[in-house]
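Data first, discussion second: the structure below is written as structure tokens.
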Protein chains: 4
Amino acid sequence: MARGNTRQRIQDVALELFAEQGYEKTSLREIAEHLEVTKAALYYHFKTKEDIVISLFRDLTRPIDELIAWAERQPRTLETKQEMLRRYHAALLGAAPLFRFMQENQATVRDLAIGETFKDRMITLTRLIQEPDYAMADRVRCIGALFTMHAGMFFMQHVDGDPEEKRAAVLEVAVDLVTQAHRGRARD
Amino acid sequence: MARGNTRQRIQDVALELFAEQGYEKTSLREIAEHLEVTKAALYYHFKTKEDIVISLFRDLTRPIDELIAWAERQPRTLETKQEMLRRYHAALLGAAPLFRFMQENQATVRDLAIGETFKDRMITLTRLIQEPDYAMADRVRCIGALFTMHAGMFFMQHVDGDPEEKRAAVLEVAVDLVTQAHRGRARD
Amino acid sequence: MARGNTRQRIQDVALELFAEQGYEKTSLREIAEHLEVTKAALYYHFKTKEDIVISLFRDLTRPIDELIAWAERQPRTLETKQEMLRRYHAALLGAAPLFRFMQENQATVRDLAIGETFKDRMITLTRLIQEPDYAMADRVRCIGALFTMHAGMFFMQHVDGDPEEKRAAVLEVAVDLVTQAHRGRARD
Amino acid sequence: MARGNTRQRIQDVALELFAEQGYEKTSLREIAEHLEVTKAALYYHFKTKEDIVISLFRDLTRPIDELIAWAERQPRTLETKQEMLRRYHAALLGAAPLFRFMQENQATVRDLAIGETFKDRMITLTRLIQEPDYAMADRVRCIGALFTMHAGMFFMQHVDGDPEEKRAAVLEVAVDLVTQAHRGRARD
DNA sequence: GATGAATGAGAGTTCATTCAT
DNA sequence: AATGAATGAACTCTCATTCAT
């Protein structure tokens, strides 16, 4: 049979089930059954259950780390912020199930070691997208831009319309929010 | 000793622990120990663990139901939408730990019977705050207004500043988003 | 409301549920709910769960004790044995649910204190209905006569026909068995 | 240590304890302790407690199914019926503890899924051993033949005498009952 | 690269029972 | 004559994890 790719298959099935049912409610037995291997086989590839989730997170954390690294090298202009949102949007689309998992299992993820890591990344992102001299409302706009993208990713499925169009609209609104925030500086 | 109020105390402790650690990771033993009663005592007051959470949700669902009922009786004007946000903001503040729990345990809540109920309420709210003839981006603005308030409620603690000022700013941005959306109609 | 008869009502409901579901599977909560009283009320009338069952058994044990007492005063003739069966048959009909309970919960009843008592009665009955000089097959006939009546009581419901006719047939066969057994003595 | 045969050992111990104390009164902890394994080990071999009992029943149901299949292929003569009893007698002896369990835990077994199955088998047997034109008393004789064997199996231990002789007598009486029933047809 | 067999810890739940009121 | 509140002990069952093979 197909072999050598078991590790990858475990990750795929685990992510699917974690996203669908939640981390705690997904047992290793269930994952093993989906793969038609034994639980013990999972332990050949991963040291613990948490290890599986950590391995999944690396795929998510890397693009964000790259985004942060990129943003830190750029001038803190409006264009940079807009591009950040575009890149973040792309990252979100590229790892949708993982983000969904994150979103819906925050309580669990929080004390999963990787949890702090992830929250730190988000805080860093919000720091890079706003400026110290923004008014409070403009800071909220920046943070709102990021979270609107999160919400958009999952809640927008309850709005009807062409998926592609919906995605574009979400990005448009986010970009618009940081643009307003940035211009808001002029108001002071 | 303590008498008559045990049911209430269970709800308080349960909400606290559920919000802090998550639903699955909070055992009935733990709740009982915090209250210095036995697990069996919990079962005198609630039929199941899920029952505890359901009882908590009723306190949350009621204000939202009232908000929906109110909104449905109003004309679909901009002022109505703005007032909806103000009321929703107040409801959020009045039941912050519960919202935090909701937010962070979505995967769990989803199949908790009350889960669907809650999602339905949110969908209804988003329907009441937008109009069929809004452009897609304006719809996103409306939905973003609601979710920015959610996010604001919890993520804003990582932004420094006066709490009262932060809260006001979150509401301001949300109101601004629906206002833009509503005005956007003219653009078409 | 009706009062003063609670004790009786408990017995009725308990017997019904014990016979239907078994002793272990019937909880005091269930009995209390059927009666629309609290569990604690049961404890006002009976010291323990076992106590309820013991009280029920007395109603069953008494007729059998009377039958035994009567039989012991009679000559050990065929006529006596036949009359014993008729009386036993009547006792069975008069306490059908209790016999059903006995029959279907032997494992439980066995170590219920009353259990030994009941078994002793049955052994005594089988001793009174046979004679020391019967051949082994004739002893089996006598015991079979008693147990055919038991089985008849419950298994015959799966045979169609007029209930009255079925009951009469069961008694007829039982009487016939002891008659054959008694006559068998001549064969030796 | 012990290897490979754990499943079998569980069945053996379980049957022994179920027969001795009843199904409900035998806990998995108790079974596990007798085997010097943990409760969880039982769950490796059987999905539930009920599953253990079901597995036991298969050993009992099979011989009876074979008996039924055999009887259905035979002419409905007296000889067939007599042979049926002989075979049933053998089946009973070969699975005595299981029959004892059945007999003494009817209330429990009834809603054990396998319960209906078993009752159906008994009803089928009683149908095969009597004829539609039998008088009611003769039907009772046939059913009595089967149940005398059941009763004989367990109650006869209270009668003294050589076990082998007792067993033979039980079978003799059962055979005699169907013979009488069959001959009874001439009386009509 | 994977399995079969098992474990220890703990989960949620139910039960008969008690007792102050 | 009965209730409200609670307990302690037990139960069935599930989980992540281990390890010899």
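To find a chain, count down the sequence lines: A is the first, B the second, and so on, and within it residues start at 1.
Distance B/Asn5 CG to F/dA5 P: 11 Å, rounded to the nearest Å. The distance between atom CD1 of D/Ile10 and atom P of F/dT12, rounded to the nearest whole Å, is 14 Å. Atom CD in B/Gln8 sits about 17 Å away from atom C1' in F/dA5, given to the nearest Å. As a whole-Å value, the separation of A/Lys25 NZ from F/dC13 P is 20 Å. A straight line from CD of C/Glu24 to P of E/dA16 spans 9 Å, rounded to a whole angstrom. Put simply, CZ on D/Arg7 is 12 Å from P on E/dA6, counting in whole angstrom units. In this structure, D/Leu28 atom CG and F/dC13 atom C1' are separated by 9 Å, rounded to whole Å. We find that CZ of B/Arg9 is positioned 13 Å from P of F/dA5, with the value rounded to whole Å.
Without hydrogens or angle criteria, A/Arg110 side chain to B/Glu20 main chain gives a donor-acceptor distance under 3.5 Å. Remark: the backbone N or O of D/Leu35 is paired with a side-chain donor or acceptor of D/Arg9 at under 3.5 angstrom. Side chain of D/Tyr23 to backbone of D/Glu50: a donor-acceptor contact under 3.5 angstrom is found. Under a 3.5 Å cut-off, the side chain of B/Asn105 and the backbone N or O of B/Gly22 do not form any donor-acceptor pair. For A/Arg121 (side chain) and A/Thr117 (main-chain N/O), a donor-acceptor pair under 3.5 Å exists by modelled atom type. D/Thr26 places a side-chain N or O within donor-acceptor distance of the main-chain N or O of D/Leu17, the cut-off being under 3.5 Å. Under the 3.5 Å distance criterion, the side-chain polar atoms of D/Lys39 are left unmatched by any main-chain donor or acceptor of D/Glu30.
For A/Glu24 and B/Thr108, the side-chain atoms include no donor-acceptor pair closer than 3.5 Å. If you check the side chains of D/Gln106 and C/Gln106, you find no donor sitting under 3.5 Å from an acceptor. With 3.5 Å as the limit, one finds no donor-acceptor pair spanning the side chains of B/Gln103 and A/Gln103.
Contacts with DNA chain E (heavy atom under 4.0 Å) in residues 29-43 of chain C: C/Arg29, C/Lys39, C/Ala40, C/Tyr43, listed by number. Remark: nothing in residues 48-55 of chain A comes within less than 4.0 Å of DNA chain E through any heavy atom.
Taking 4.5 Å as the limit, every side-chain heavy atom of D/Leu98 sits out of range of all side-chain heavy atoms of D/Phe18. Between D/Gln11 and D/Ser55 the shortest side-chain heavy-atom distance falls below 4.5 Å.
Proximity of C/Thr6 to the phosphate of F/dA1: no side-chain N or O atom is located under 4.0 Å from OP1 or OP2. The shortest distance between the side-chain N/O atoms of B/Tyr44 and the OP1/OP2 oxygens of F/dA5 is below 4.0 Å.
Base pairing in DNA chain F gives the following stems of 3 or more Watson-Crick or G-U pairs, range against range and under 3.5 Å: E:2-21 with F:2-21.
Taking for each of D/Ser27 and D/Lys47 the nucleotide of DNA chain F with the nearest heavy atom, the 5'-most of the two is the partner of D/Ser27.
For D/His45, taking side-chain heavy atoms from C-beta onward, the closest of the listed nucleotides E/dG12, E/dA6, F/dC11 is E/dA6.
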